[in-house]
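First listed ligand is number 1; within each ligand, the first listed atom is number 1.
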Amino acid sequence: MKLFEFKATKHATAPAPIGAPVGSSVMEDAIDHPGPVVVKSIGTEWTAKLSGLLNLKHPKAVAAGLEDGPEPIQIYTHVVRHPTEGFFLVDTGVSAEFVEHPAEVGVGKMLRKYGGISDMHPEPSTAEVIKAEGAPLAGVFMTHLHLDHVSGFPDIPKDTPVYTGYHEAEAGLFLNMFAQGTNNHLLEGRPPLQELQFNGDPDGKFAGVNDVFGDGTFFAILTPGHTEGHTSYVARTAEGPVLLTGDVCHTRWGWDNDVEPGSFLADRDGSRESLLALKALSERHPNMSVRLGHQP
Ligand SMILES: [Zn+2]
């Protein structure tokens, strides 16, 4: 870590007691068989700068004449229901408390000023999403620890296990100077972040794959670039595999044209590589439903 880099949070981490690293072929052999997981994606309205969401300097974006400006997007939480493991969220959505009283829940001054929080609309709020499930929340799987993904934490019970990708919390980045204090506050009083374990990919397609419940129904894919420990997820549902890309790709245009995010990323080459790897995965499994980071 360099001198002017800051971790995403100082919150403690521990290896997740669930999940096992597997080769991507184990996942790819399984996912076209219908599975028992149910995924519901719930978005709330937000706006962000297109130049952050999409690399506007990419030749394809230049050729298409795309210009910077406010872009309507969604902040998602994905409800993942497993028949025996229970009900989980992937990313946290938006809590009303977070939008109405950001200082009280621990959002730092810089993010309150420049983070676009007053443009977030918690409709439905994360509390409402959890209540509608009528069951206790068994855990939260994070794609990464950016503000628009942790914004539901005030509504998440303090004892809920939180899972992240490998090294997501510790990765250094200058931008984290503004995010770290906020993440520390939102995670205060919670158990250590549980890091899913990855062990490369003997099949050479991804940075790593993890069979989260050990039954081949729900997989985590390490997709670094946007952040160092960024993680995407694949669920086996009755209708076919559902891919939750996270911020490997924010926009519909970016996915359709293979263009990685703009300024909102840690490592451009890594981010593009992860995007192309997920795109290829979806092409090998045409039945796959793809849910992007911030647009339908
Ligand atoms: Zn995001």
Side-chain angles (χ1 to χ4, degrees), residues 8-9 41-56 68 70-78 89-95 98-99 102 107-108 110-112 114-122 125-126 129 140-156 162-165 168-169 171 173 175-176 178-180 182-183 186-187 193 220-233 243-255 259-268 270-272 274-275 278 290-296:
T9 174
S41 300
I42 298 153
T44 60
E45 309 284 316
W46 199 35
T47 307
K49 270 172 63 180
L50 190 59
S51 59
L53 300 164
L54 196 62
N55 178 11
L56 295 177
D68 199 8
E71 175 78 1
I73 60 169
Q74 307 260 304
I75 296 177
Y76 288 104
T77 182
H78 308 275
L89 295 178
V90 173
D91 289 339
T92 66
V94 184
S95 140
F98 185 86
V99 178
V107 181
M110 289 297 282
L111 290 179
R112 292 206 304 275
Y114 301 110
I117 293 170
S118 58
D119 296 331
M120 292 182 180
H121 300 279
S125 70
T126 303
V129 171
V140 177
F141 294 100
M142 298 303 300
T143 59
H144 63 299
L145 295 173
H146 281 171
L147 185 74
D148 49 327
H149 298 256
V150 299
S151 39
F153 266 117
D155 290 353
I156 309 264
V162 179
Y163 303 94
T164 70
E168 174 63 10
L173 191 67
L175 278 172
N176 283 336
F178 309 116
Q180 191 195 82
T182 301
N183 281 338
L186 290 171
L187 295 170
L193 292 171
I221 308 175
L222 189 60
T223 45
H226 183 67
T227 59
E228 194 170 328
H230 189 282
T231 302
S232 307
Y233 297 90
L243 169 65
L244 309 173
T245 67
D247 284 358
V248 164
C249 185
H250 300 93
T251 60
R252 180 66 199 262
W253 196 91
W255 180 260
V259 176
E260 74 284 353
S263 54
F264 302 157
L265 50 71
D267 165 29
R268 177 161 310 285
S271 190
R272 182 183 298 134
S274 288
L275 168 61
L278 289 187
V290 180
R291 316 263 169 103
L292 303 174
H294 289 287
Q295 281 181 343

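- Checked against the Zn ion (ligand 1), the N, O or S atom of D247 at the shortest distance is OD2.
- No side-chain heavy atom of L244 sits less than 4.5 Å from a side-chain heavy atom of D91.
- With 3.5 Å as the limit, one finds a donor-acceptor pair spanning the side chains of H230 and T223.
- Among the backbone and side-chain atoms of H294, an N/O/S atom is found under 2.8 Å from the Zn ion (ligand 1).
- Put simply, the side chain of R291 never gets that close to the backbone of G246: no donor and acceptor are under 3.5 Å apart.
- The number of heavy-atom neighbours closer than 6.0 Å to CZ of R112, taken from other residues, nucleotides and ligands shown, is above 12.
- Note: angle at the Zn ion (ligand 1), from OD2 of D148 to NE2 of H149, is 100° (rounded to 10 degrees).
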